[in-house]
Novice: 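My questions all concern the structure below.
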Protein chains: 2
Amino acid sequence: MKSQVKRVPNARGEGERLRQEILGAATRILEETGREDALSLRGVAREVGISAPSVYRHFKNKADLVTTVLDVTYRALAVAMSEAGESAAAAGADPWERVRAIVTAYRRFAIDKPRRYRLMFSLEYEPDRPPTTGHPIGTMLQAWTDTTDAYLAEVAPSRRSEAQDLGVHLWTALHGQLVLWHTLPSAAAGNETILIELEESLLRRLLPAPEAPSTAE
Amino acid sequence: MKSQVKRVPNARGEGERLRQEILGAATRILEETGREDALSLRGVAREVGISAPSVYRHFKNKADLVTTVLDVTYRALAVAMSEAGESAAAAGADPWERVRAIVTAYRRFAIDKPRRYRLMFSLEYEPDRPPTTGHPIGTMLQAWTDTTDAYLAEVAPSRRSEAQDLGVHLWTALHGQLVLWHTLPSAAAGNETILIELEESLLRRLLPAPEAPSTAE
DNA sequence: CTCATCGGCTAACACTGTTAGTCTAACTTC
DNA sequence: GAAGTTAGACTAACAGTGTTAGCCGATGAG
């Protein structure tokens, strides 16, 4: 019952396979528990069917494992955002609807993967990583300033210099809303429409309306 | 060297004293490390000069200890905010300056106690606490909606119905800014003026200007 | 055929949260 | 004042943790 099949080792070049399995199991556990210390190397090893020290063949240590999970999550979020923007554009959406689509994708991600989303922003920056890449939060910020810049370029070109500021405002406010929503126990939590209304109210206040006010089509 | 003085027990009714010492040590360690799992009961016990299980006389378990530290921190933040508002009012500040003072107090707190601030919003709600109190984040939100309500009452009474929304926007956006600032490694971090400018830019966009536009003194 | 190396394993260390049970000194009650 | 109770601590122990050291079988290169 303890070691069921004694797991035949992967072939010579196939070590990467186990790495992916470990990553998957760790992701699952982190998403279920939401706390870094609830993830134990022995636990993921048990789930994958290997022994705990074998994890060290593929990850430097536990922190490295967690960091990798979060890096993957960051990338997935960025992809979800850009895909939402592009498919909205392809469907002929106007600039406002395009921003709306990106915001919605962001919210969906944060709500569907709540534990990991929270974890993304609750970890200290680990300085012993390749400093060229920087913290993945930077790419997140970039995605938002790109969004506001594209919006301003089409809708209010004269105010395009505010794109950076607006991107920061948009992202930070949305993130704050989601944190609040995740944390608040009863009232808001579970009621997504509240979030949507808040978003709407925020966007109206933050994003400038089109400059040519009337029939510009 | 191990047990230096064998710490004479507190007198009969003085158990509270040790409780405070434990709380203080835990607060210190949490502020230094910033991670819940870096706080060990044996560690705080060592620092206070008692044995680890003695902590259980005063706290249900480790989570209870951490929660208590954060509750105290929440209260301190709320107090700092209201004090800033009141002392600004006492100094004859106008509504805008009053909001500004509260925002500044909030930022100061978040920057001076960065680890604890981050911890406040990264813990899951623990359901086995007295449910009457709710999550302390609720009081935080209340403080902000009070702030915006007071501002609107004086400056734009016709829009007072928006106070709730504006309070949420203000708080979530500020919180998001601070998270970003804490997380981003090089560029922003350590440069507080960036934060102040962001705040200013946000407040201008969010808070309505006085209704009587001209000479209303 | 040899041999290095990949992909794993076991054993062990130091540490953790938590429980059970014990001791001492002070306070309460008769 | 004697007896009992209890606040305020302690030691011992358990199960589980991250991590390191060292081993072992199979596979591929020379």
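Naming: A, B, ... by sequence-line order, numbering from 1 per chain.
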Novice: Report the relative orientation of the aromatic rings in A/Tyr106 and A/Trp144; use parallel for angles under 30°, tilted for 30 to 60°, perpendicular for over 60°.
Specialist: perpendicular

Novice: What is the distance from OH of A/Tyr56 to P of D/dA21, rounded to the nearest Å?
Specialist: 12 Å

Novice: Can you tell me which nucleotide in C/dG17, C/dG8, C/dA11 comes closest to the side chain of B/Lys62?
Specialist: C/dG17

Novice: In terms of side-chain heavy atoms of B/Pro53, which of D/dA12, D/dA21, D/dA9 is nearest?
Specialist: D/dA12

Novice: Hydrogens and angles aside, do B/Thr148 and B/Thr145 bring a side-chain donor and acceptor to less than 3.5 Å of each other?
Specialist: no

Novice: Let me know the distance between CD of B/Gln20 and P of D/dG8, rounded to the nearest Å.
Specialist: 13 Å

Novice: Expected output is a numbered-order residue list: members of residues 36-45 of chain A with a heavy atom under 4.0 Å from any atom of DNA chain D. What is it?
Specialist: A/Leu39, A/Ser40, A/Leu41, A/Arg42

Novice: What's the CZ-P distance between A/Arg19 and C/dG8, to the nearest Å?
Specialist: 13 Å

Novice: Who are the ring-ring contact (aromatic ring centres under 6.0 Å, His included) partners of A/His169, not counting sequence neighbours?
Specialist: none

Novice: To the nearest Å, how far apart are A/Lys60 NZ and D/dT19 P?
Specialist: 9 Å

Novice: Any luck finding a side-chain donor-acceptor pair between A/Thr183 and A/Arg118 under 3.5 Å?
Specialist: yes

Novice: Could you tell me how far apart A/Arg17 (CZ) and C/dC6 (P) are, to the nearest whole angstrom?
Specialist: 18 Å

Novice: Reckon B/His58 has a side-chain N or O less than 4.0 Å from the OP1 or OP2 of D/dA9?
Specialist: yes

Novice: Between atom CZ in A/Arg35 and atom C1' in C/dG17, what is the gap in whole Å?
Specialist: 12 Å

Novice: Honestly, is A/Lys113 close enough over A/Phe109, meaning NZ or CZ under 6.0 Å from the six-membered ring centre and within 45° of the axis?
Specialist: yes

Novice: Taking the side chain from A/Tyr117 and the backbone from A/Thr73, do they hold a donor-acceptor pair closer than 3.5 Å?
Specialist: no

Novice: Using OP1 and OP2 only, check whether a side-chain N or O of A/Ser54 sits under 4.0 Å from C/dC9.
Specialist: yes

Novice: Closer to the 5' end of DNA chain D via nearest nucleotide, is it A/Arg57 or A/Arg46?
Specialist: A/Arg46

Novice: Please identify each residue that fulfils side-chain hydrogen bond (donor to acceptor under 3.5 Å, both in side chains) with A/Glu47, with sequence neighbours left out.
Specialist: A/Arg28

Novice: Rounded to whole Å, how long is the line connecting atom CZ of B/Phe59 with atom P of D/dA9?
Specialist: 12 Å

